[in-house]
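Beneath this line is the structure, given in structure tokens, with notes to follow.
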Amino acid sequence: LSALSFSGSIAQEKALRALLAEPAMKHASVSLSFRDMANGSQVYEYESLKALNPASVMKLVTAAAAFSTLGAGYTFGTLVSYNGNHDAATGRLTGDIIITGGGDPALGSQYFSDHYGDIIATWVKGIQQSGIRSITGRVIADDSRYGYGPVPAKWLWEDLGNYYGAGVYGLSVFDNMYEIHLKTGTEGKGTVITRVVPEECRTELNNMLISSGSRDRGYVFSAPYGSGGWMAGTVPAGRDDFVLKASVTDPPLLAAGMLSSALARAGIVAEKEPVTVRTAGAVKDLSLTRIGVIRSPPLADIIKVMNRESVNLYAEHLAREMALRVSGDPGASAGAEFLQAFVSGPAAGGMFIEDASGLSPLNAVHAAGFSDFLYRVGARQSWSEDFVASIPGPGDGGTLGSLFSDPLFAGRLKAKSGSMTRVRNYAGYITTVSGRKLAFCILINNFTGQGGVIATQCAAILKEAVSGM
């Protein structure tokens with residue numbers, strides 16, 4: 001155990017020793033650092049230079065970079081327009097309807113339903129108000145903004161088909177997620193797909209799911225732009241309606257198809273099947289007539305949801321947008337390289353960034369470098385107040401849950417959690433009872449058993465820091 005000297009009690013050694021004494025920690029690694037926001041000095045540490053997987057704590061880097069690069073008020077726009085000739089007398093459009101993706105990560109998102117409403121209905125209404133009554137062409141989704149490499153190369157195959165592994169597209173929609181509703185059987189039996197929401201996402205999925213126990217260990221295996229896949233693992237037994245959330249394999253085509261179908265139901269029939277720019281090539285007639293634009297919520301609101309709910313899709317979108325603006329390259333690798341450069345500082349050596357969300361198992365940071373990063377961005381930038389406000393606190397829900405429900409934490413803690421298999425991490429800011437402001441980072445990798453015990457011990461370390469530093 002290694003602790004640096006500081007004024008006040010060093011009760012953190014008691015809490016840390018209790019964590020390390022847990023049987024689940026026998027083979028685990030820990031990296032811990034607390035840093036004074038007044039001067040940047042590290043006031044308490046344990047193995048603080050040991051590089052470990054940060055999981056979703058990585059989103060704090062993405063959030064800070066986005067506030068710095070794009071600004072809290074930045075918005076994304078999704079344009080609906082048409083090309084060709086519109087006969088106002090007959091309402092006949094000799095051309096196409098075009099949805100131009102502007103990189104909005106939250107378009108139609110469940111988290112912003114009040115903001116967006118029904119985006120498909122909004123588009124249909126705009127087309128009706130433009131006087132269009134029939135379409136000789138088709139609905140085209142222009143998904144070219146970020147190119148056609150939706151997921152980082154360093155992500156796991158196991159993750160890609162599931163909602164948290166959804167890829168980034170120039171036109172993303174509905175969190176790039178769909179629901180597979182299942183009726184599960186008795187212990188050891190199979191499952192039956194009862195419905196898919198939205199129905200347009202129904203594909204050929206080989207169902208190898210087994211009903212067992214009460215925990216969700218089911219996975220969808222599919223790839224971006226693919227037309228099929230399979231489901232494997234176990235899901236809770238005896239459920240009439242168990243929902244497995246999967247990633248949409250081609251969100252731009254989904255959006256084009258849903259709009260085309262909705263137009264047909266409204267009596268506006270497109271004569272050709274919907275397509276995307278990826279499959280059909282660039283729109284040839286660039287003389288577009290604007291129908292309407294749907295703008296996103298401001299960036300500050302998107303980041304607040306990203307941090308609270310730990311939405312990987314939002315983080316990856318923001319990295320692509322930043323890379324596009326700074327270097328002109330919107331690829332996943334360019335986004336990771338941008339973030340690597342952004343996090344650089346005197347203590348950043350030995351930290352490796354492979355994505356923007358923390359989903360890659362190849363990300364690695366150490367607590368000393370991460371707390372130094374939090375010190376540098378938490379109070380000394382024009383956007384620092386927005387950044388800190390975007391980090392969840394006690395009672396905000398999301399991935400923090402009820403872990404920090406002790407009244408001592410009220411108004412004194414801002415924390416982002418990060419978890420994946422055998423990983424529990426927390427990073428953010430505390431204000432101690434004595435009024436001292438500290439940045440902190442706690443990284444724990446490769447413990448055994450359930451993560452609840454580890455999370456509780458992390459809360460104990462933070463509680464003693466709030467009380468004693």
Side-chain angles (χ1 to χ4, degrees), residues 24 55-56 108-111 113 150-151 155-167 172-251 253-254 257-258 261 309-313 357 359 361 397-399 401-403 417 419-424 446-456:
S56 285
S109 170
Q110 61 180 322
Y111 300 113
S113 57
V151 297
W155 279 11
L156 293 177
W157 168 237
E158 179 183 72
D159 294 330
L160 301 187
N162 301 285
Y163 75 95
Y164 55 85
S172 289
V173 65
F174 309 131
D175 299 317
N176 293 351
M177 178 193 75
Y178 71 101
E179 296 180 347
I180 304 170
H181 290 252
L182 302 161
K183 182 176 177 58
T184 68
T186 56
E187 187 71 24
K189 299 298 183 180
T191 67
V192 176
I193 298 175
T194 57
R195 61 192 175 106
V196 173
V197 181
E199 180 62 32
E200 290 87 347
C201 290
R202 186 182 289 273
T203 59
E204 292 297 324
L205 288 175
N206 184 14
N207 184 0
M208 296 183 287
L209 288 167
I210 299 298
S211 306
S212 181
S214 59
R215 297 189 63 196
D216 177 9
R217 294 190 176 95
Y219 295 90
V220 178
F221 292 87
S222 62
Y225 304 126
S227 58
W230 67 92
M231 300 183 294
T234 63
V235 291
R239 301 284 187 90
D240 288 331
D241 186 29
F242 180 78
V243 179
L244 206 58
K245 296 178 180 179
S247 62
V248 178
T249 58
D250 195 340
L253 185 59
L254 172 65
M258 292 183 73
S261 296
E309 305 294 338
S310 212
V311 184
N312 294 335
L313 177 67
S357 61
L359 187 58
T399 58
S402 60
L403 182 62
S417 64
S419 63
M420 58 174 58
T421 303
R422 298 186 295 277
V423 173
R424 289 295 183 277
N446 295 317
F447 57 86
T448 56
Q450 301 302 313
V453 171
I454 305 303
T456 299

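For the 3.5 Å distance criterion, the side chains of Thr399 and Ser417 qualify, holding a donor opposite an acceptor. In this structure, a donor-acceptor pair under 3.5 Å is present between the side chains of Ser310 and Ser56. In this structure, a donor-acceptor pair under 3.5 Å is present between the side chains of Tyr164 and Asp159. For the residue pair Asp241 and Thr194, no side-chain donor N or O sits within less than 3.5 Å of a side-chain acceptor on the partner.
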Would Met177 and Leu313 satisfy side-chain contact (heavy atoms from CB on, under 4.5 Å), going step by step from the backbone distance to the final call? CA-CA 10 Å; Met177 178 193 75; Leu313 177 67; over 6 Å; no
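Considering every non-hydrogen atom in both Met208 and Trp230, the closest pair reads CE-CD1, 3.3 Å. Shown here for Ser419 and Arg424, the closest heavy-atom pair between the two residues is CB-NH1, 3.5 Å. Taking all atoms of both residues into account, the shortest heavy-atom contact from Phe242 to Val235 is CE2-CG1, 3.6 Å. For the pair Val151 and Pro224, the tightest heavy-atom approach, listed with the atom from each and the gap, is CG1-CG, 4.1 Å. Nearest heavy atoms, Ser214 versus Pro236: O-CG, 3.5 Å. The nearest pair of heavy atoms linking Thr184 to Ala237 is OG1-C, 3.4 Å.
Rounded to the nearest 0.5 Å, atoms CD (Glu309) and CD (Gln110) are 8.0 Å apart. To the nearest 0.5 Å, the span separating OG1 on Thr448 from CD1 on Ile454 amounts to 7.5 Å. Of the inter-residue distances, the one linking Thr191 atom OG1 with Leu182 atom CG reads 4.5 Å to the nearest 0.5 angstrom. Between Arg239 atom CZ and Asp216 atom CG the span is 9.0 Å, to the nearest 0.5 Å. The CG atom of Leu254 sits 6.5 Å away from the CZ atom of Phe174 when rounded to the nearest 0.5 Å. Atom-to-atom distance recorded for Leu244:CG and His181:NE2 is 10.5 Å, nearest 0.5 angstrom.
Counted within 6.0 Å of CD on Glu199, heavy atoms from surrounding residues, nucleotides or ligands total more than 12; the atom is thus considered enclosed. The number of heavy-atom neighbours closer than 6.0 Å to OH of Tyr163, taken from other residues, nucleotides and ligands shown, is 12 or below.
Side chain of Thr249 to main chain of Gly226: a donor-acceptor pair is present (N/O by atom type, distance under 3.5 Å, no hydrogens or angles). Side chain of Asn176 to main chain of Val248: no donor-acceptor pair is present (N/O by atom type, distance under 3.5 Å, no hydrogens or angles). Using modelled atom types, one side-chain atom of Ser211 and one backbone atom of Gly185 make a donor-acceptor pair closer than 3.5 Å.
Taking the six-membered ring for Trp and thresholds of 30 and 60 degrees, Phe221 and Trp157 have ring planes inclined between 30 and 60 degrees apart.
Proximity of Val173 to Met258: side-chain heavy atoms (C-beta onward) are nowhere separated by under 4.5 Å.
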